[in-house]
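Here's the structure we're looking at; comments come further down.
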Amino acid sequence: MAKELTPRSEDYSQWYNDLVIKADLAENSAVRGCMVIKPYGYAIWEKMQHELDRMFKETGHVNAYFPLFIPKSFLSKEADHVEGFAKECAVVTHYRLKNNPDGSGVVVDPEAKLEEELIVRPTSETIIWNTYKNWIQSYRDLPILCNQWANVVRWEMRTRLFLRTAEFLWQEGHTAHETYEEAEAEAQKMLNVYSEFAENFLAIPVVKGVKSETERFAGAVDTYTIEALMQDGKALQSGTSHFLGQNFAKAFDVQFQTREGKLDYVWASSWGVSTRLMGALIMTHSDDNGLVLPPNVAPIQVVIIPIAAKKMTAEMNEKIDAIINKIKALGISVKYDSTDSKTPGWKFNEYEMKGVPVRLAIGPRDFENGTVEVARRDTLEKMNVPMEGIEEYIQNLLAEIQKNIYQKAANFRDSMIRKVDNYEDFKTEIEKGGFILAHWDGTAETEARIKEETKATIRCIPFASYVGDDKEAGVDMLSGKPSKCRALFARAY
RNA sequence: CGAGGUGUAGCGCAGUCCGGUUAGCGCAUCUGGUUUGGGACCAGAGGGUCGGGGGUUCGAAUCCCUUCACCUCGACCA
């Protein structure tokens, strides 16, 4: 009765919105474009953070924190950068309120105008490079490998929970290096960290590649990306890593003494993933019954639901406690839901909505047979499993589910990548969704025309090969001009 | 910013066209009891500035003016 999702086939977008609300992940707030991330949604984000943070540290990075506010003048120092972000900045102009003389509440005190306005960071390159200038004198001070966990604000016209909000949470890495090669390698390395994280942890298959000039980060020399494919056939940019060259070092005059005793500008990279990954996670795996979570990110990995809990004997409760303890001992998070205000049927649906990977039901029948009913969320299969050794069974099952969820997504993604050689076919194929590999002459004009006419954008030039000859030269499907290799096109979020 | 739409109980809605007792319904909540293997049942209870302001009227959720907010779809973007 209460909670029914709009089926994906009926309205994918509505399904997504329903799911975010009904799985208790997030909700719209009183502030335009800003969401409240609810405890269950935040628990998933925390698991992502935890794993990413571990991976960053393992690759030699350290965490730091830089200010939320950026002096307006900083933003204009790198020409492309300001161009890219100027239209979506929140600006602080005053520092004080006062009571309205007419008694109608508070108003901004016009006396308290700031000398220089402050921008709420849309990203932190400028404040960080202004800071790095003081940290770097010699090659001995390099590399600097900093990350920060932060919130940023981009005043978007239209917002959607997790996918695009005015304020969002993310991490941003900002590194400084002696050489072109080292900074470039860092950008590549972090892209690999992201793709490993997406695939192994979130079970989201991604295509790694380089962005076209049009899609590149404002101020970067090259932008690398991981692109995921959602179930409705649209692409979602899920993480980016930028080789910044010496652009920010020049803008903020960050020079260092080289090993040869000369002065040179520092080479840079930056990289980030955001709460948008929550959107990717939801849209990659979930179904019409609700969220489907890979065991690695599930805040609750196993839920145990007693049947007729009030009729349980002390001996039965002891057996259940023993099972819980054995599962916990294996490092598996388990929730025992014995509240009697809800029926088992209600709970079955509720935990399916929330994507809990494994559900156990234990009732009178099971105590008679010495079994437990095990249900897996990914396939919705139910099995009766002996109570004895149930913990190992679950441990294996969780691993199996993690693998299965990834494989299912990978099969779908692969089935949606195809090669197209002429523009007419392209227009037909793009309607069906998915990734299309087609030859592109490398010009912004052709790219813009394709976007204008088909709403498809170049997601990236993939590093790996997907359809055999996609790394071979050819001719642009639209202009007929020579093309070095195929680009990956899709409609995107 | 363009085009549509919606604001009535915690949530979802009816009532508005055509003004008239005490503003309804479902879910949720609370109390008590019975239940429990796929969204239970019975009995009782609480909960409302009808988005805000102004006007018309004997009388406004309903008509008029004004204002605010939110949602969906476009253009912009992680």
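Residue numbers start from 1 in every chain, and the chains themselves are labelled A, B, ... in the order their sequence lines are given, proteins ahead of strands.
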Salt bridge (charged side-chain N to carboxylate O under 4.0 Å, His left out) filter on A:Glu400, not counting sequence neighbours, yields A:Arg376
Taken in chain and number order and not counting sequence neighbours, the residues that satisfy ring-ring contact (aromatic ring centres under 6.0 Å, His included) with A:His61 are A:Trp271
Cut-off 3.5 Å, no hydrogens considered: what does the side-chain donor-acceptor table look like for residues 161-169 of chain A, sequence neighbours left out?
{"unit_1": "A:Thr165", "atom_1": "OG1", "unit_2": "A:Glu167", "atom_2": "O", "d": "2.8"}
{"unit_1": "A:Glu167", "atom_1": "OE2", "unit_2": "A:Asn151", "atom_2": "ND2", "d": "2.8"}

(Q) Looking at A:Arg377 and A:Asp287, is any side-chain nitrogen of the basic one under 4.0 Å from a carboxylate oxygen of the acidic one? (A) yes
So ring pair (Phe, Tyr, Trp, His ring centres under 6.0 Å) across residues 13-39 of chain A, not counting sequence neighbours, yields A:Tyr12-A:Trp15
(message) So A:Thr225, base contact, sugar-phosphate only, or nothing? Heavy-atom distance under 4.0 Å.
(response) nothing
Note, RNA chain B 5' to 3' with Watson-Crick or G-U pairs under 3.5 Å encoded as ( ), [ ], | and . gives ((((((((.[[[[.)....(...]]]].((((((.....)))))).....[[[[[..)....]]]]])))))))....
Between NZ of A:Lys22 and P of B:C11 the distance, given in whole Å, is 15 Å
Applying salt bridge (charged side-chain N to carboxylate O under 4.0 Å, His left out) to A:Asp53 and not counting sequence neighbours gives A:Lys57
Taking B:A14 as the reference, what is the distance to B:G2 when you measure between their C1' atoms (whole Å, please)?
32 Å
Using atom C1' of each nucleotide, how far apart are B:A23 and B:U66 to the nearest Å?
26 Å
CG (A:Asn247) and CZ (A:Phe252) are apart, to the nearest 0.5 Å, by 11.5 Å
Taken to the nearest whole Å, CZ/A:Arg377 to P/B:G38 is 17 Å
From CZ of A:Arg491 across to P of B:C77 the rounded distance in Å is 17 Å
With side chains defined as the heavy atoms from C-beta onward, is the minimum distance between A:Trp170 and A:Val152 less than 4.5 Å? yes
Short N-O contact, A:Asp222 and A:Lys211, less than 4.0 angstrom: no
Could you give the distance separating B:G15 and B:U56 at their P atoms, to the nearest angstrom? 29 Å
Identify each atom pair where a protein N or O and an N or O of nucleotides 70-74 of chain B are less than 3.5 Å apart, giving names and distance.
{"unit_1": "B:C73", "atom_1": "OP1", "unit_2": "A:Ser13", "atom_2": "OG", "d": "3.2"}
{"unit_1": "B:C73", "atom_1": "OP2", "unit_2": "A:Arg158", "atom_2": "NH2", "d": "2.3"}
{"unit_1": "B:G74", "atom_1": "OP2", "unit_2": "A:Arg158", "atom_2": "NH1", "d": "3.4"}

Using atom P of each nucleotide, how far apart are B:G20 and B:G26 to the nearest Å? 23 Å
So which protein N/O to nucleotides 32-36 of chain B N/O distances come out below 3.5 Å?
{"unit_1": "B:U36", "atom_1": "OP2", "unit_2": "A:Lys311", "atom_2": "NZ", "d": "2.9"}
{"unit_1": "B:U36", "atom_1": "O2'", "unit_2": "A:Ala308", "atom_2": "N", "d": "3.1"}

Between NZ of A:Lys87 and P of B:C1 the distance, given in whole Å, is 16 Å
- Say you pick atom C1' in B:A9 and the same atom in B:G51; how far apart are they, in whole Å? 15 Å
Here the distance between atom P of B:G37 and atom CG of A:Asn369, to the nearest Å, is 17 Å
The residue, A:Asn384 or A:Glu215, whose nearest nucleotide of RNA chain B is more 5′ is A:Asn384
Of the candidates B:G39, B:C76, B:G37, the side chain of A:Pro364 sits closest to B:G37
Could you pull out all donor-acceptor pairs under 3.5 Å where a side-chain atom in residues 45-52 of chain A meets a protein atom, sequence neighbours excluded?
{"unit_1": "A:Lys47", "atom_1": "NZ", "unit_2": "A:Ala298", "atom_2": "O", "d": "3.4"}
{"unit_1": "A:Glu51", "atom_1": "OE1", "unit_2": "A:Arg54", "atom_2": "NE", "d": "3.2"}
{"unit_1": "A:Glu51", "atom_1": "OE2", "unit_2": "A:Arg54", "atom_2": "NH2", "d": "2.9"}

Next on the checklist: Counting the atoms with a prime plus P, OP1 and OP2 as sugar-phosphate, which does A:Glu156 contact under 4.0 Å by heavy atoms, base, sugar-phosphate, or nothing?
Outcome noted: base
Those residues at least two apart in sequence (or on a different chain) that pass ring-ring contact (aromatic ring centres under 6.0 Å, His included) with A:Tyr40 are none
To the nearest angstrom, the CZ-P distance between A:Phe348 and B:A40 comes to 11 Å
### Query
Using atom C1' of each nucleotide, how far apart are B:G12 and B:U6 to the nearest Å?
13 Å
(Q) Considering every strand and a 4.0 Å limit on heavy-atom distances, what is the contact class for A:Ile305: base, sugar-phosphate, or nothing? (A) nothing
If the threshold is 4.0 Å, N to carboxylate O, is there a salt bridge linking A:Lys432 and A:Glu429? yes
Those residues at least two apart in sequence (or on a different chain) that pass ring-ring contact (aromatic ring centres under 6.0 Å, His included) with A:Phe85 are A:His81, A:Phe217
Inset, instruction - Identify whether the distance between the nearest side-chain nitrogen and carboxylate oxygen of A:Glu27 and A:Lys38 falls below 4.0 Å. - result: yes
Item checked: P atoms of B:G53 and B:A61, separation to the nearest Å -> 13 Å
Whole-Å distance, A:Leu236 CG to B:C77 C1', equals 12 Å
* Answer with base, sugar-phosphate or nothing: what part of the nucleic acid does A:Phe217 contact at a heavy-atom distance below 4.0 Å? => nothing
Quiz item: Should A:Arg491 and A:Glu431 count as an ion pair when the cut-off is N to O under 4.0 Å?
Solution: yes
If the threshold is 4.0 Å, N to carboxylate O, is there a salt bridge linking A:Glu352 and A:Lys347? no
In numerical order, the residues of residues 189-208 of chain A whose heavy atoms come under 4.0 Å of RNA chain B are none
Taking the C1' atom of each, how far is B:C50 from B:U8, in whole Å?
4 Å
A:Ile226 atom CD1 is separated from B:A78 atom C1', nearest whole Å, by 12 Å
Exercise. Would you kindly check whether a donor in the side chain of A:Lys382 faces an acceptor in the base of B:G38, or vice versa, at under 3.5 angstrom?
Key: yes
